[in-house]
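All remarks here apply to the structure that follows.
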4 protein chains.
Amino acid sequence: MAESKKTPVLKSRGWRDRWYEIIFEADTRAGKVFDVILLIAILLSVLVIMLESVKSIDEEYNDLFHYAEWFFTILFTIEYVSRIICAPRPLQYIFSFYGVVDLLSILPTYLMNIAPGETQRLGVIRALRLLRAFRIFKLAHMLSEASELRRAIWASRSKVAVFLATVLIAVVIEGAALHLIEDGKESGFDSIPESMYWAIVTMTTVGYGDSAPVTPLGKFLASLIMILGYSLIIVPTGILSAELAHGERARDRTRISTQVCPECMREGHDSNATFCKFCGARL
Amino acid sequence: MAESKKTPVLKSRGWRDRWYEIIFEADTRAGKVFDVILLIAILLSVLVIMLESVKSIDEEYNDLFHYAEWFFTILFTIEYVSRIICAPRPLQYIFSFYGVVDLLSILPTYLMNIAPGETQRLGVIRALRLLRAFRIFKLAHMLSEASELRRAIWASRSKVAVFLATVLIAVVIEGAALHLIEDGKESGFDSIPESMYWAIVTMTTVGYGDSAPVTPLGKFLASLIMILGYSLIIVPTGILSAELAHGERARDRTRISTQVCPECMREGHDSNATFCKFCGARL
Amino acid sequence: MAESKKTPVLKSRGWRDRWYEIIFEADTRAGKVFDVILLIAILLSVLVIMLESVKSIDEEYNDLFHYAEWFFTILFTIEYVSRIICAPRPLQYIFSFYGVVDLLSILPTYLMNIAPGETQRLGVIRALRLLRAFRIFKLAHMLSEASELRRAIWASRSKVAVFLATVLIAVVIEGAALHLIEDGKESGFDSIPESMYWAIVTMTTVGYGDSAPVTPLGKFLASLIMILGYSLIIVPTGILSAELAHGERARDRTRISTQVCPECMREGHDSNATFCKFCGARL
Amino acid sequence: MAESKKTPVLKSRGWRDRWYEIIFEADTRAGKVFDVILLIAILLSVLVIMLESVKSIDEEYNDLFHYAEWFFTILFTIEYVSRIICAPRPLQYIFSFYGVVDLLSILPTYLMNIAPGETQRLGVIRALRLLRAFRIFKLAHMLSEASELRRAIWASRSKVAVFLATVLIAVVIEGAALHLIEDGKESGFDSIPESMYWAIVTMTTVGYGDSAPVTPLGKFLASLIMILGYSLIIVPTGILSAELAHGERARDRTRISTQVCPECMREGHDSNATFCKFCGARL
């Protein structure tokens, strides 16, 4: 998120600042209206892309979808150019995550009309538009919730990394083992990568059934993998639960310590404290 | 739940009040008996609807089901009319959630006999009767448990909203990606909505296997989606666990810290404490 | 578990008491040896039943399995008779849970030889023998762990009941809805019970794929059910986690309060208490 | 892990100590570089094994894979010999877990060239090389995280054992019951072991669908198993969450309560406290 929260106010760019407030921020009324309209436009344009991909619907409403697509593309192009113009540092915006997503949202429509052959399939890339909806979350008070979730996930990152590495190593070795046992049995274990795909499908308990062991030994090993794999895969749930509970507890503690020391003006005392723990003054 | 717990006692409607007590409340003995009989009638009538839908059973017991259905419909109609009569504000009841459910429980039987053609299939709507069973929960001491669960779910609502929005955006983009890769491969990714259906089936780890990727790239991407998706989907479990643990802790604290020492004015004593644990004064 | 921990010692039944100690209890060395031998016999006999059911193995080792089965049956019969003889209250034992399981473990073998026709299939009932292994858990120090788990599950029983009732109501209504939409589409929703089976398979995320919606509306509804159902089904995990965490915390608190009041000899003080909270004496 | 952290420094083996530092430890710069190179070599060699198993790719790059395999095998052989030479107790290393894995990583390539017939399939065993990547975790600060996870899992081991025993007993009895009901229905319940495989696939919610009940009674029983099984299988998640939360809390407490007030001798001060919060004395 490259948009800085407070832009340095330059005197010469007054209208740009006003635009900036509307387009990038959501503090003002105009900014909120802009964000809501943008969100609706994004959702509608993604709906068009979705319906366009259904052959029977596309045949009937082809023209409507065509015009709608051009309408949204031009709208988003205007928005993109506006963002470049009023951003304090245009280049930083262009190469930011959202800058790239904004560009990818409009580029396919132009490419499909310049070179209509093979590029036709690129139209699906426009679905990335939906990523822009994340930006609108600034509107809601969801932001603080999202940030707490992010904190909990971030705090557990090394645990999750250890876990993921273990899962991946398990997947490779299980895949190799099942490939060794089931190779040539027409059951979808013809190569290690395919067996690894099976191992992931199994360990995440998705279980399509497009490949499944058929030999007794393969079934026995698969059973072990399921029970062990299940035990393995519950680990991150436990990690996250503990981390979130920890966060809640930390907040509890913070909420309890509302007293401020009259001498040193420092906070963070326990609710049962009689004396300031920093300077020894009576609270 | 529009039923008010304490109805304003009007002198002119004495028998209505007695009825109201029996039909809407479960505090009196008569009210409890009424609720239990109603629950049994609901469960039996739903059982009839279920068995009726099994062709082989329906052919044999068609008449029995027909009479049973009319018996329950008339019973529920009497109950519905009674509720309207004795409710302090009949209109409020009629348009409340349970009022609509009560009506939907009896309407299909009448419609099916007035216009027996296409309405035949509406009979299934009567299964909504089961929703009325929720009303009977007032009977059990389950209510407080349910309300604690509701509190926990309600307290996590913004976290869950952020989570659901993220999942839906992920589903659309994954669906679009798999549609791009697997289109025309006879593997069930013919349109974005169908691919989204696959993405939901996969991310919730249901995994029917009616559509599954067949290309190596599709399988690779699907594997990523499963592992990431699995990581994503554990989030609400963690949120709810933390929230429920928080609730328990809050209850613990409440049970402990209501008394204040009359001498030193300090809180945090256990509920079974007779003397202040800080200054020794009698509480 | 009808076995009382302390049997009233009657003078006239000395040898029965010794037997009782060995057969029912696991405190003495002889009792432990007895339990371990019994466990091995149970596991071996269940292994025989399992292998017997595999046609190819059964054809080859039919005689061996036959003799092994009679060996174990006679062994368990002797044990069953011994239990009846030395139990202080034989009838109470016979009609206890384990008494019935002990009888069901040996009865099929006799029945299969008296009337060898249709009873042949009852042989599978002998697999219930395995339930007797639970009795051996007395051996291990697992008992206290199991009892803590049982406490946590018991403490959450009303929450779980509310949850299960909600799931069942959801299953019926979802089943009815999908039956309404998918009836006659050869997709396995021919009756409400079959649709309910599908709903359970889906909500528990098992997802065999033997029945799956094929119509767009059915798929859309199924997607909603999956996401909502997933949200629903995580609830008990949260409940149990919170309950177990609560148990741990309760244990923590107990462990902290090791002080005993020198005046009133009562325990249960917080670690930061200076005065006894019961009598006001200085700790 | 047989590698002792501090080797007794013998004067006569100076170069061996330096080698030991580089090969077995990751404290020095040279040791870290060695570990990173080794990790890359392991990952590349496993990638070669994976690609080799894909028939279409193997046919094209057969020679390249052959040379790469020999390159890695010779590299790992040199490493293995070096480890034996510089280990303070070579035999202890050879029979340690990693010693056996190191040997299994290189042996198949030699065997496949000495006796090229049936041993060809053993090549897959080389995938065990990946297990050696675990050794590299010493590099990262992940070690402490992994050890906390290990502590939580270890602390819940008896709970998990009780749980696993319960699951296995349930699997056998469910398998036997479904075998009794569905035998001869072509639905994959031809023997108890096959039914147990189904029960594991179902209880872990994998649900391939390669075997699924077809009789109404079988479906009813399977539904019960799914709901009960689901309830059963969430237990370890709760256990682990509670255990991890307990660990976090223990850490919190430790960080807080090490100091004792020199005046009033009371504990429970925060680690950043300068004065006793109970009597105001300087800590």
Q) Do A:Phe220 and A:Pro213 touch side chain to side chain, with heavy atoms closer than 4.5 Å? A) no

Q | Exercise: do A:Trp198 and D:Tyr208 side chains pair donor with acceptor under 3.5 Å | A | yes

Q. With a cut-off of 6.0 Å (strictly less than), are more than 12 heavy atoms of other residues, nucleotides or ligands near CZ of D:Phe65?
A. yes

(Q) Shorter than 4.5 Å, heavy atoms on both sides: which option in A:Thr202, A:Asp190, A:Ile192 has the most such pairs with chain D? (A) A:Ile192

Q: Taking the six-membered ring of D:Phe72 (Phe, Tyr or Trp), confirm whether the NZ or CZ of D:Arg129 is under 6.0 Å from its centre and within 45° of its axis.
A: no

Q | Any side-chain donor near an acceptor of the partner, D:Glu69 and D:Thr73, under 3.5 Å | A | yes

Q. Will you find, in the side chains of D:Glu194 and D:Ser211, an N or O donor that is under 3.5 Å from an N or O acceptor?
A. no

Q: Taking D:Glu174 for its side chain and D:Ile225 for its backbone only, find out whether a donor-acceptor pair lies under 3.5 Å.
A: no

Q. Is chain A contacted by the side chain of D:Val171, its backbone, both, or neither, given a heavy-atom distance below 4.5 Å?
A. neither

**Q.** Residue-level contacts of residues 51-60 of chain D with chain A, using a heavy-atom cutoff under 4.5 Å
**A.** D:Ser53, D:Val54, D:Lys55

Q: Count the heavy-atom pairs under 4.5 Å between each of A:Ala176, A:Gly207, A:Ala177, A:Pro193 and chain D, then report the option with the highest count.
A: A:Gly207

Q. Would a 4.5 Å heavy-atom cut-off, applied to side chains only, mark A:Leu131 and A:Tyr98 as touching?
A. no

**Q.** Toward chain D, the part of A:Ser195 with a non-hydrogen atom under 4.5 Å
**A.** neither

